[in-house]
2 protein chains.
Amino acid sequence: MNYNEAKDKFISTWGALGTLWGINKAMAQIHALLWISPEPLSMEDIMEELHISRGNTSMNLRQLMDWGIVFKESKPGERKEYFISEKDVQELARQVAKERSRREIKPVIKVLREVSGIENDGSKKTEELIKQTKSLYELADSADTMMNKIVNQESNWITKTLMKLIK
Amino acid sequence: MNYNEAKDKFISTWGALGTLWGINKAMAQIHALLWISPEPLSMEDIMEELHISRGNTSMNLRQLMDWGIVFKESKPGERKEYFISEKDVQELARQVAKERSRREIKPVIKVLREVSGIENDGSKKTEELIKQTKSLYELADSADTMMNKIVNQESNWITKTLMKLIK
DNA sequence: TTAAACTTTCAAAAATTACTGAAAGTTTAA
DNA sequence: TTAAACTTTCAGTAATTTTTGAAAGTTTAA
């Protein structure tokens, strides 16, 4: 496997994984491209490499910046804007954990708390609803708390912790 | 919030969360419905409750069974088949972790190993590709190893471990 | 100011994914 | 066997999501 084959394989695999986890393909592929690029890339560079339109590129770069894993960089004396990705894998994981928690997990936890907190009228179905949503609430809440730990610790906490668990 | 409001809120929230994480809405909603149902439900029951077609119900029940989180149950003397969900939240988490690892993470890890293992020709871009895919490989591999630990431990290991980490 | 160089927005089109419903398939009781 | 009761499959349709491309917007240098 030569450089180009490896690059294409990485980009398309990352895109496919993104899709499976609810992240759109172009966004994941732009991230993959920037992740392995030693130099900042312009919008043109990205459009050309991935064969996607200007609009698509612009929108997905915005999203990646909203997620806090891609940044703008302007080269002195140049009008054009360049983009670089967060390069530290730990920081990437922190950032993704932080955003998914904030956008997706926290709102669900809120609903689970509300739902599991309804008045128990003693009927079988109400009891089951309360019991089952409560157990989900407890799992989601501890998982989320762990995610926040990750987010707020120093950058290599994840690896250290995973290592501890694995041993 | 009364029982019906709570039930509907839980089902639609669970469906929306599924969508965000790459799981189709009907599948997530069927799971939610069975999760809080004290009795096994027939296909008719599910169709009626969620307003979805027979075909859709059948296909998504099959997927839930493939994931190992929903089971068939036949009542003695009845022709109809009934469905129940795994009720233990720990077992649910184990099963989901196991399946996502097997279907999605393991194949990606394989690609990351291949890609990061290409010959280093000394060029800047090749060095960056190798460095960055290797760091992703290491993260994914320890995360996956942890997932397997979860899968292979006794059922309440997750909570215990999360608790340990949180303190 | 102006205009060139660039980015963003968004309505329309394309692509993908999910859903339906009827036909085919299966199982079971008699 | 047969036929009723049920489930699965799948081609066609619908809904959703993604992508395009051109117009509008912004920034900067002169």
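Under the salt bridge (charged side-chain N to carboxylate O under 4.0 Å, His left out) rule, B:D144 has a single partner from B:K110, B:K106, B:R113, which is B:K106.
What separates CZ of A:R62 from C1' of C:dT9 is a distance of 11 Å, to the nearest Å. Distance B:E81 CD to D:dA5 C1': 11 Å, rounded to the nearest Å. Computed from coordinates, the A:L50 CG to D:dT19 C1' distance equals 13 Å when rounded to whole Å. We find that OH of A:Y82 is positioned 14 Å from P of C:dA5, with the value rounded to whole Å. Distance A:E78 CD to C:dC6 P: 8 Å, rounded to the nearest Å. One can place CD of A:E73 at 18 Å from C1' of C:dC6, the figure rounded to the nearest angstrom. Here C:dT7 presents its C1' atom at 11 Å from CE of A:M47, a figure rounded to the nearest Å. A:K75 has its NZ atom 18 Å from the P atom of C:dA5, to the nearest Å.
Taking a pair as Watson-Crick or G-U with both hydrogen-bonding distances under 3.5 Å, the stems of three or more pairs touching DNA chain D are C:1-30 with D:1-30.
Both A:Y137 and B:M1 belong to a single network of hydrophobic side chains, linked directly or stepwise wherever heavy atoms of I, L, V, M, F, W or Y lie under 4.5 Å apart. B:M59 is not connected to B:M65 by any chain of hydrophobic side-chain contacts under 4.5 Å among Ile, Leu, Val, Met, Phe, Trp and Tyr, and they are in different clusters. Transitive grouping of hydrophobic side chains (ILVMFWY, heavy atoms separated by less than 4.5 Å) keeps A:W67 and A:I84 in distinct clusters.
Remark: B:L41 pairs with B:L33, B:L34, B:S37, B:D45, B:I46 by the side-chain contact (heavy atoms from CB on, under 4.5 Å) rule, at least two apart or across chains. In this structure, the salt bridge (charged side-chain N to carboxylate O under 4.0 Å, His left out) partners of B:E104, at least two apart in sequence or on a different chain, are B:R100. With sequence neighbours excluded, the residues forming a side-chain contact (heavy atoms from CB on, under 4.5 Å) with A:A97 are A:M147, A:V151, listed by chain and number.
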(request) Going 5' to 3' through nucleotides 24-30 of chain C, assign each nucleotide B (protein heavy atom under 4.0 Å from a base atom), S (under 4.0 Å only from sugar-phosphate atoms) or - (no protein heavy atom that close). (result) ---BBS-

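A cation-pi arrangement is not found for B:K72 relative to B:Y82, the charged atom failing to lie both closer than 6.0 Å to the ring centre and inside a 45° cone about the ring normal.
Note that CD of B:E138 and CD1 of B:I109 are 11.5 Å apart. Values are rounded to the nearest 0.5 Å.
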Pairs: protein N or O with nucleotides 16-22 of chain C N or O, under 3.5 Å:
| residue | atom | partner | partner atom | Å |
| --- | --- | --- | --- | --- |
| C:dC19 | OP2 | B:N56 | OD1 | 3.4 |
| C:dC19 | O5' | B:N56 | ND2 | 3.4 |
| C:dT20 | OP2 | B:S53 | N | 2.7 |
| C:dT20 | OP2 | B:S53 | OG | 3.0 |
| C:dT20 | OP2 | B:N56 | ND2 | 3.4 |

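Remark: B:K87 NZ is packed, more than 12 non-hydrogen atoms of other residues, nucleotides or ligands lying under 6.0 Å away.
A donor atom on one side chain and an acceptor atom on the other are not found under 3.5 Å apart for A:N120 and A:T126.
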